[in-house]
Each structure stands twice: as structure tokens, then as C-alpha cells.
Asker: 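Quick one: the structure is below, questions incoming.
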2 protein chains.
Amino acid sequence: MTEMLASARQQRILDALREREQVRVTSLAAELGVSEMTVRRDLNALAERGALVKVHGGATLDAAPTSSEPGFTHKLALESGEKQAIAQAAVKLIKPGMSIALNSGTTTYALASQCTGIKDLTVVTNSPRIAEIFYAAANPSQNIILTGGIRTVSDALVGPLALSALGQLHVDVLFLGVHGMTSEDGFTTPNMLEAQTNQAFIKAAARQIIVADHTKWGVTGLCQIVPLSQVDALITGPRLDEEAKVLLRQALDTLILA
Amino acid sequence: MTEMLASARQQRILDALREREQVRVTSLAAELGVSEMTVRRDLNALAERGALVKVHGGATLDAAPTSSEPGFTHKLALESGEKQAIAQAAVKLIKPGMSIALNSGTTTYALASQCTGIKDLTVVTNSPRIAEIFYAAANPSQNIILTGGIRTVSDALVGPLALSALGQLHVDVLFLGVHGMTSEDGFTTPNMLEAQTNQAFIKAAARQIIVADHTKWGVTGLCQIVPLSQVDALITGPRLDEEAKVLLRQALDTLILA
DNA sequence: TGCCTTCTGATAGAATTTGATCGGAATTGT
DNA sequence: ACAATTCCGATCAAATTCTATCAGAAGGCA
């Protein structure tokens, strides 16, 4: 067999995955005629783009083992102490009568859980799961607006409808969860459509506040949302690198350590 | 049989659980070809994520439907024989590759439950709950579009965003659930905003099919959606008044008795 | 050609998964 | 209540898999 380009090899991995649902490192190495190390590197690259999810021994298409398990995300978000602390710091900035926006993410999910009691709050979100929190709380003074669109695996509504909806709206404050942030690449996410939607969120808000735990620092997703300097504030945990703190304070007006 | 990935094994445990309601450690170990210890570990992992509940000797699905009442409506819609029959008749009209729209309602909810297996289906809906059915099924060939908006008590997204979204879309067939229908007042619903949204649904569809059980006949809601003659077909139950059947056949092209 | 970057393969050590065993806990039958 | 049985969790050893690191190969560029 002739040598294969790396991109072609990764494409074949995705093809095999779509066909078999599960692929194993050892069998891929044999089929593609490359070492297991190379297969692992391909899987890592694909996983970083969100094209697949790595599991022990191989990879799978959809991580969600249970279809639609609110309990899973629920616990994931709420059991993390840092996310809770960040949410707590964020909720202090929200006053009755305000309008806020929340994109899809576990940190914003944690924040939403703490907002159900706030009076006369208007919430714009592209996450059905976050909307569900408010629906369940049924606070009659609150106004919950769900953008339309198609749903990504990470529970975000994206696409033309989401963009069009966000283009019609304006909120006081946006709380934006991100997947990665670095000095060079700014705030990033692995999904291109989500990046586009998040940009629309930023345009729709008078103030932009990023919420991200310290593990997001140094991570670069596929797609940039905005450079660091384009947002007003960042709320993160205290365990952040000292060097990162310095860099962030240079780029941002406000850095809040929850 | 080749070795199975751990994640695949856990997926099969969940599949078995959905099918049988109860699974035993011993039988799972035999079926999956692994030791009981491994099964226990899998059950622990799944239980920690809330995907199932462990019981002595095995595991079961979470019995207590958490706080929110999707289970309630779920049963309400699916336990009604007539709604099921109507949905069954409706699903026969849907072919792979089509695009359909479903407004919010218990009958359309029942219909959605029967559509998750259809290939290359595009679904437009303003009901987060109906969207959730498709998300849970996670059929990769299907395209689920949720209109935006604010949610009414009957789980419909309405308002400017919903109208704007529907204005941008066109589908082959609309299945519309209604609250009332009479010869004089046409199809009606008690909520003005939903009526408006339903009108947008009708505009967005090449064919309009009403799905409504026989109890809807003679009921007039606050707000008219359209006169009887403005839609292409009605699917209802056979227990409808003879007089109503005559009137409906006059007004409509097609009357289907499920 | 020589240098540099990128990709690939090999190796070793760390981490994860699995199965077996055993003491203790829960369930069942009498 | 008591004993027998079944089931569960902890622990350890073996096997597999993962990550990190280094060295060689391939290709671009002056």
C-alpha cells in the first residue's frame, strides 16, 4: 500500500467510525498500515476538533452514552466546586430587572441554576438545557428567550436561525462559557458553528463577561471567538497561573478570581 | 467475538436496561462475556452519572422522574389510544428525505415519537419537548430545527423570534395539533400567541395536515388559526360524529380516520 | 547540499482496565 | 431468630493501553 497523507488517513478514520460506531486503536493501526502511536496522534487531533470522542482503547462518535441525560451534565456542572464558585461570583453582578444572555456550557449551566430566583430577569440562551432550568423554576416574573437553530452535541443551538435571533436582540450582560483561552489565540471553541454563534452573542450584549475555570487557560480550540481584549471581564478560579493572571490583567479591564 | 470497548459495553448495558427495565449482574456478565466484577464496575460508573440506579443484584432505570414532568406529559400523550392511532396514520405519510414541521401539542408529540427512525428527515418544531425526543434518539441522518422564542405553558415557543424563524423556512408537510375545531370557527387555540405562530407554520408548509382527536370537534378556543377549508387534510379518530364527518368532507380535500 | 520543520516510529514508564479472591453485607428460607 | 445463599466492595496481580520523549525519515527552502 502506498503512503497516505495524514489528512486522508484521518478521513478514513472518520469513515470507519461512521460505519462501525466504534474503532479500536490496534485495528486501525493494522488497517491503515501505520503504528499505533500515529493512530493515537490522529485520534487526539480529531478529538480536539470535536470530530470524535476518545475512549480507552479507541474512539467513538457520540460521547453521550445515555441519550439525553440531564443528570449527567447536571452533576458534572454542579459538583465542580470551581464552577460553582465562578457562578456565585457571576450571579452577584446580576440585578433584578436586567436582561442577560447565557451561551451553552457547563459553567453557564451552573450560573443559570443560581439565577432562577432573581426578579424581573430576562434571559436569552441558545441552550435548551439551560432554558429547561428556568422553565422548571417557573418564576412568573422572568422572561426566558430561547434562540432557534439546530443543536450541536454540546447542547447549543447554532446556525442561521440562531444568528438571526441574536441579531434581533440586545441584552445588558452576556456570560459566555468558552473551551479554551490563550494569550495568542484568545477565546476559542472546538466547534466552528458555535464560535459563530458566540460571536453573535458578543455583538448582542452591551457588556461581555467570560466565565471559565482555570483549566481552560492554555487550551486552544479549533476556532477563535474573539481575542482576549475584546471582552470586558473574565471570571475564573484562583488556581490560575500567576503568569496567566498577569497576561489577563493586561488584556482585560476586569479579572475576577472567584 | 472480538473484544469490546468499555464504552460500548456500557452502552449495551443501557440498551438492555431500556428494553428490560431490569438487568441482573449475573446475566449481564454472561451476555457480555466479562466477569461480574467488571459488570459491577460498569454499573457503578453509570450510576454515578445518574444513568441508572443500582439495586441489589443488578440495576434499574431511574424510577422517580426528577422534578420536571416530562414523564407526565409523555404518558399522557402516549397512553391515549386514539392519539397513537392518529400518529400512526400520520407517520405513513412521511417518507425518507422529507422535511416536516410539528407544532407543540400532545398529538404531535405522539407523532414525533414515531418518527425518530425515519432516514434523512428534517424536522422543524417550536416545542422543546418534541425536539428533545429527536435529540434523545440521536439519529445522525436527521436534522432537527428548533424555532426560537419564549415558551408558553403548553410548551410552545412563540413570539417574534418564532415568527421570524418560521418566515425563513419552508417544509414539505406540516402536522398541526389544534385545541378546537368547528364548522363555523375553523381551527382554534386558546392562546393568541400560539395562534399567530401556528399561522406562520401554515405559511411555511406546502401541505398542511391537522392532527386532532375526535374530542376537539365542537370546541372553540379563543383564537382562530385558520378556517377549515384552508388546510389540506385532517387526521382524526373514527369516533367522530357522522354529522361532523359530512361537514369536514365538504370543507377539506382529505379526511383520514385513523 | 545543508538546515529546518513536520511527520512517523520506537521505547519506557505511568495509568487504566480487567479478573480472581476473600471477608463482610444483604437477602431469603425455615 | 438463625443459617444458607447470594451479592457486594476492597485489594492485588496481570494485561492492555496511554503519554512522554527521543531519534530517524520525508519534504520544503535558501
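Each chain gets a letter, A, B and so on, in the order the sequences are listed, and its residues count up from 1. Heavy atoms only: backbone and side chains are in, while hydrogens, waters and symmetry mates are out.
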Asker: Identify all side-chain donor-acceptor contacts of residues 157-172 of chain A below 3.5 Å with residues at least two apart in sequence or on another chain.
Answerer:
unit_1	atom_1	unit_2	atom_2	d
A:S164	OG	B:Q168	NE2	2.9
A:Q168	NE2	A:S164	O	3.4
A:Q168	NE2	B:S164	OG	2.9
A:D172	OD2	A:S99	N	3.0
A:D172	OD2	A:S99	OG	3.4

Asker: Does C:dG19 have its OP1 or OP2 closer than 4.0 Å to a side-chain nitrogen or oxygen of B:T38?
Answerer: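 Checking C:dG19 against B:T38, a side-chain N or O does come within under 4.0 Å of OP1 or OP2.
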
Asker: Who passes salt bridge (charged side-chain N to carboxylate O under 4.0 Å, His left out) against B:R41, sequence neighbours left out?
Answerer: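 Counting only residues at least two positions away or on another chain, B:R41 forms no salt bridge (charged side-chain N to carboxylate O under 4.0 Å, His left out).
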
Asker: Please collect all salt bridge (charged side-chain N to carboxylate O under 4.0 Å, His left out) contacts where either partner lies in residues 105-118 of chain A, sequence neighbours excluded, each pair once.
Answerer: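 For residues 105-118 of chain A, and leaving out neighbouring residues, there are no salt bridge (charged side-chain N to carboxylate O under 4.0 Å, His left out) pairs at all.
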
Asker: Residues two or more places apart in sequence or in another chain: which of them pass salt bridge (charged side-chain N to carboxylate O under 4.0 Å, His left out) with A:D185?
Answerer: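 Listed in chain order: nothing, the list is empty.
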
Asker: Please list, one pair per line, the donor and acceptor atoms closer than 3.5 Å that link side chains of residues 248-258 of chain A to other protein atoms, with sequence neighbours excluded.
Answerer:
none

Asker: Does the pair A:E242/A:K245 count as a salt bridge with the N-to-O cut at 4.0 Å?
Answerer: yes

Asker: If only side-chain N and O atoms of A:R9 are considered, is one of them under 4.0 Å from the OP1 or OP2 phosphate oxygen of C:dT8?
Answerer: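 For A:R9, the contact criterion (side-chain N or O under 4.0 Å from OP1 or OP2 of C:dT8) is met.
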
Asker: What is the distance from CG of B:D42 to C1' of C:dG19, rounded to the nearest Å?
Answerer: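 It is 13 Å, rounded to the nearest whole Å.
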
Asker: Looking at residues at least two apart in the chain, or sitting in another chain, which of them share a salt bridge (charged side-chain N to carboxylate O under 4.0 Å, His left out) with B:K119?
Answerer: none

Asker: In the 5'-to-3' direction, what one-character label does each nucleotide of nucleotides 9-26 of chain D receive under the scheme B = base within less than 4.0 Å of a protein heavy atom, S = sugar-phosphate only, - = no such atom?
Answerer: SB------SBBB------

Asker: So how far off straight is the helix from C:dT1-D:dA30 to C:dT30-D:dA1, going by the axes through five pairs at either end, to 10°?
Answerer: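 Overall, the helix from C:dT1-D:dA30 to C:dT30-D:dA1 bends by 30° from one end axis to the other.
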
Asker: Tell me every residue that passes salt bridge (charged side-chain N to carboxylate O under 4.0 Å, His left out) with B:R20, counting only those two or more places apart in sequence or in another chain.
Answerer: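 B:R20 satisfies salt bridge (charged side-chain N to carboxylate O under 4.0 Å, His left out) with B:E31 once adjacent residues are dropped.
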
